[in-house]
Amino acid sequence: ESEKKYRTIFENILRPSISRRMGEQGKVMLRVFVNAQGQPEQIQIQQSSGFDRLDKAAVDAVRRWKFTPGSRNGVAEAMWNIVPINFVLE
């Protein structure tokens, strides 16, 4: 169920049209600091897709996401998360 949910979320990331035309694809690994309210405060590219446009599209999309914050002993806590974004032509 959660895999289907994430697939739907990732499909809604807009791939730049020029990237689609040029056949650019790849995986972007983002390191995201999520605060206790579930908002991404910092986003770093841990591993590039090899294409600046795709990297930027991934960062721009994740910047708008709302996360479920991590917790410790039942209390929401800010923490770093790794978020993989795959851009695949189908």
Side-chain angles (χ1 to χ4, degrees):
E1 178 68 30
S2 67
E3 185 176 318
K4 182 187 280 185
K5 176 181 169 188
Y6 283 116
R7 182 174 297 152
T8 301
I9 291 170
F10 293 150
E11 286 172 357
N12 290 329
I13 294 176
L14 293 178
R15 175 196 306 261
S17 58
I18 191 167
S19 293
R20 187 182 325 266
R21 285 193 305 271
M22 296 182 75
E24 295 174 349
Q25 55 184 352
K27 182 177 189 176
V28 184
M29 297 293 286
L30 299 178
R31 189 166 178 255
V32 182
F33 187 76
V34 178
N35 67 22
Q37 291 73 43
Q39 299 163 324
E41 286 189 356
Q42 296 179 50
I43 303 172
Q44 301 169 349
I45 297 172
Q46 185 175 38
Q47 179 183 327
S48 172
S49 66
F51 300 98
D52 290 341
R53 281 182 291 269
L54 296 183
D55 295 348
K56 183 178 181 325
V59 170
D60 290 347
V62 170
R63 186 174 286 125
R64 296 187 305 268
W65 288 3
K66 173 78 171 169
F67 291 82
T68 300
S71 65
R72 190 181 312 258
N73 298 322
V75 178
E77 185 176 291
M79 60 182 62
W80 286 97
N81 297 274
I82 301 299
V83 179
I85 306 289
N86 284 309
F87 290 97
V88 180
L89 292 172
E90 295 180 354

If the condition is side chain to side chain donor-acceptor pair (under 3.5 Å), which residues does Q37 pass it with, not counting sequence neighbours?
none
Once side chain to side chain contact (heavy atoms under 4.5 Å, CB included) is applied, do any residues pair with S48, and if so which ones, sequence neighbours excluded?
I45, D55
Rest of the hydrophobic cluster containing V75 (Ile/Leu/Val/Met/Phe/Trp/Tyr, side-chain heavy atoms under 4.5 Å)?
none
Should V83 and W65 count as side-chain neighbours, where that means a heavy-atom distance under 4.5 Å?
yes
Using the test salt bridge (charged side-chain N to carboxylate O under 4.0 Å, His left out), find all partners of E41 that sit at least two apart in sequence or belong to another chain.
none
Please assess D60 against R63 for the test side-chain contact (heavy atoms from CB on, under 4.5 Å), listing each intermediate value before the final yes or no.
CA-CA 5 Å; D60 290 347; R63 186 174 286 125; 3.3 Å; yes
With sequence neighbours excluded, tell me which residues meet side chain to side chain donor-acceptor pair (under 3.5 Å) with E77.
R72
Using every non-hydrogen atom in the two residues, find where P69 and A76 come nearest and quote the distance to one decimal.
CG-CB, 4.1 Å
Minimal heavy-atom distance between F51 and Q25, with the atoms involved, is CE1-O, 3.3 Å
Note: with side-chain heavy atoms under 4.5 Å as the link, the other cluster members for I82 come out as M29
When you measure from the side chain of N35 to the backbone of F33, do you find a donor-acceptor pair of N or O atoms at a distance under 3.5 Å?
no
N81 CG: over 12 foreign heavy atoms closer than 6.0 Å
yes
Starting at CH2 of W80, measure out to CD of Q46 and round the result to the nearest 0.5 Å.
10.0 Å
